[in-house]
Amino acid sequence: MLALVDCNSFYCSCERVFDPSLHHRPVVVLSNNDGCVIARSQEAKDLGIEMGAPGFQLKNPEVVVFSSNYALYGDMSRRVMATLSTFCPRMEVYSIDEAFLDFHHFPYHNLEQTGCEIRRSVLRNQGIPVSVGIAPTKTLAKMANRYAKKLKKGVHVVTGDDARIALLKATEVSQVWGIGPQHTKTLTRYHIRSAYDLAQVPEEWMRKHLTVVGQRMLAELNGRQAIAWEGTEGPHAGGTAAASRKKNICTARGFGRPLTRKEDISEALASYTASVGEKLRRQHSSATRLQVFLRTNAHRPEDQQYYQSITLELPVATNHSGRLIAHALGALDILYRPGYAYSKCGVAVLDLVPDSQVQHSLFADAESPRHRKAMQAMDQLNRALGKDLVRLGAQGFDRKFRLRQAHLSRRFTTRLDEILTIRH
Amino acid sequence: MELPVLLLPVFPGTIPTGFPSPAEDYMEERINLNDLVSHPDSTFVVRSQGYSMINAFIPPNAMLLVDKSITPKNNDIVVASVNGDFTIKYLKVNDHKQKLVPANSKYKEIEIVEGMDFRIWGVVTHVISDPKNLKDVC
């Protein structure tokens, strides 16, 4: 049996931990750059505020608005995951606010009770409410989790065929994990409306219409695990750098305002690349490929649209910010076209290898220890004194791309000068 | 006939000789104050501003380590919220009654009654303060 533990309105819940006056009030969190709503408390949902609603449209003075504070959410997530890991050694952190726990080694556990204990522990230790769905497969655990939230009971366990079939019948096909709007259209055309209908479809039909993904989904809906486990394995694997090492890392953000000049975009791209480099070094990985994209604002159809990305093979695997930036800016030279109002760019590093396995090419000079030391010193300074205090020249200094964050809360858990102050 | 020049490396500075340090086999990690925190994933640092807990040696500007995982008991110093505001007080529990009691006679007790939005946020485990801040008051 697998559990999916999902934090309820995670970003809003994080804000509430440090401000008790927010309980029972509608709270929303906006995307980077204060663009649109990305998290809503139940009260905000009840007011009819939609996911993705533009921030400037929120006129109701009752609604408390926050800019996204990823330093806070990231640390709170780490704390929640640490509490979850005490329940089960086999854990897969699926996203910032959800994790799968594999309980197949605990056949004698009362899973309903375990689910309740998980909820109690996270609420007590971190102050974050979570919901728990427990079922034989990842897809069903996801579904059980949604169902728990819908019934407002916090934990839903699906054991046996009767419970599974009841769950499938209670779930619309559009809510099945992996079914997007396009699939929903196709399925509705064939009168497949509930997850139960979907689970009855012949395998060949699924393969034909929803490819191998659909085939896997079919197995999962019928209680057979078909989606690979990507979490930790053994009792002691959890928490080690190797286990949590990511396979690719990406930083992509919208600019504070549309940018047209290549120099301004270069500064943004260099900063994003520096942040990718820092994350690489933190997990002791090097990148062998680098991908850059640049785009205009798709939500402004009146503007000329442009979207292009490019992937480079790096001559030597590296995590040196200077080298990564040089390659990223080279990619930008190819991508950039004058005359567009660009809204966003991003950089991803792919096919990561552990530092210890970097293959030095005969013709490209190997990463010198001096370079590595410089990067280490830069990372230490930035961690101690503030993000981006020490930076490479290409990252620039006037930062036209800087984020708009008008409603930012403090970094209560990662900065000593921003901790919660209590007057009494 | 000219003899080939032989280059010999020169070590700058001195090479330690003599006895090795008798402490070498006994070197230990230096004390790390993080070890005071028994539950790092549920411990938060907050700053206390005010005089209501001055006789509990919590001066203004003190930093408190607050552990959310601990079940609060009678006489614990707690961070609690009452009707949406945080405060720091002694928790007194008796006969199903709960009170928040200050450590300063100039401040009032808060009795927890039906209808209050009362939550205990965490238990204070350590106080980090500059002793000079206590001088004027105690």
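Lettering follows sequence order; numbering is per chain, from 1.
Annotation: the span from A:L420 atom CG to B:F44 atom CZ amounts to 10.5 Å, rounded to 0.5 Å.
In this structure, the portions of A:V17 lying under 4.5 Å from any heavy atom of chain B include both its backbone and its side chain. Contacts between B:P102 and chain A at a heavy-atom distance below 4.5 Å are absent for every atom of the residue. Using a 4.5 Å cut-off between heavy atoms, B:N61 makes no contact with chain A at all. With a 4.5 Å cut-off on non-hydrogen atoms, A:T421 touches chain B through its backbone and its side chain both. Residue B:M63 touches chain A through its side chain alone, counting heavy-atom pairs closer than 4.5 Å. Looking at B:V79, only its side chain comes within 4.5 Å of chain A, counting heavy atoms on both sides. Contact annotation for A:L22: neither backbone nor side-chain heavy atoms come within less than 4.5 Å of a heavy atom of chain B.
Formation of a donor-acceptor pair under 3.5 Å by the A:R79 side chain with backbone atoms of B:T43 is found in this model.
Side-chain contact check for A:M81 versus B:D41: every heavy-atom pair is 4.5 Å or farther apart.
B:K73 NZ: 12 or fewer foreign heavy atoms inside a 6.0 Å radius.
Annotation: maximal heavy-atom pairing with chain A below 4.5 Å, among B:V46, B:N83, B:T87, B:V82, occurs at B:V46.
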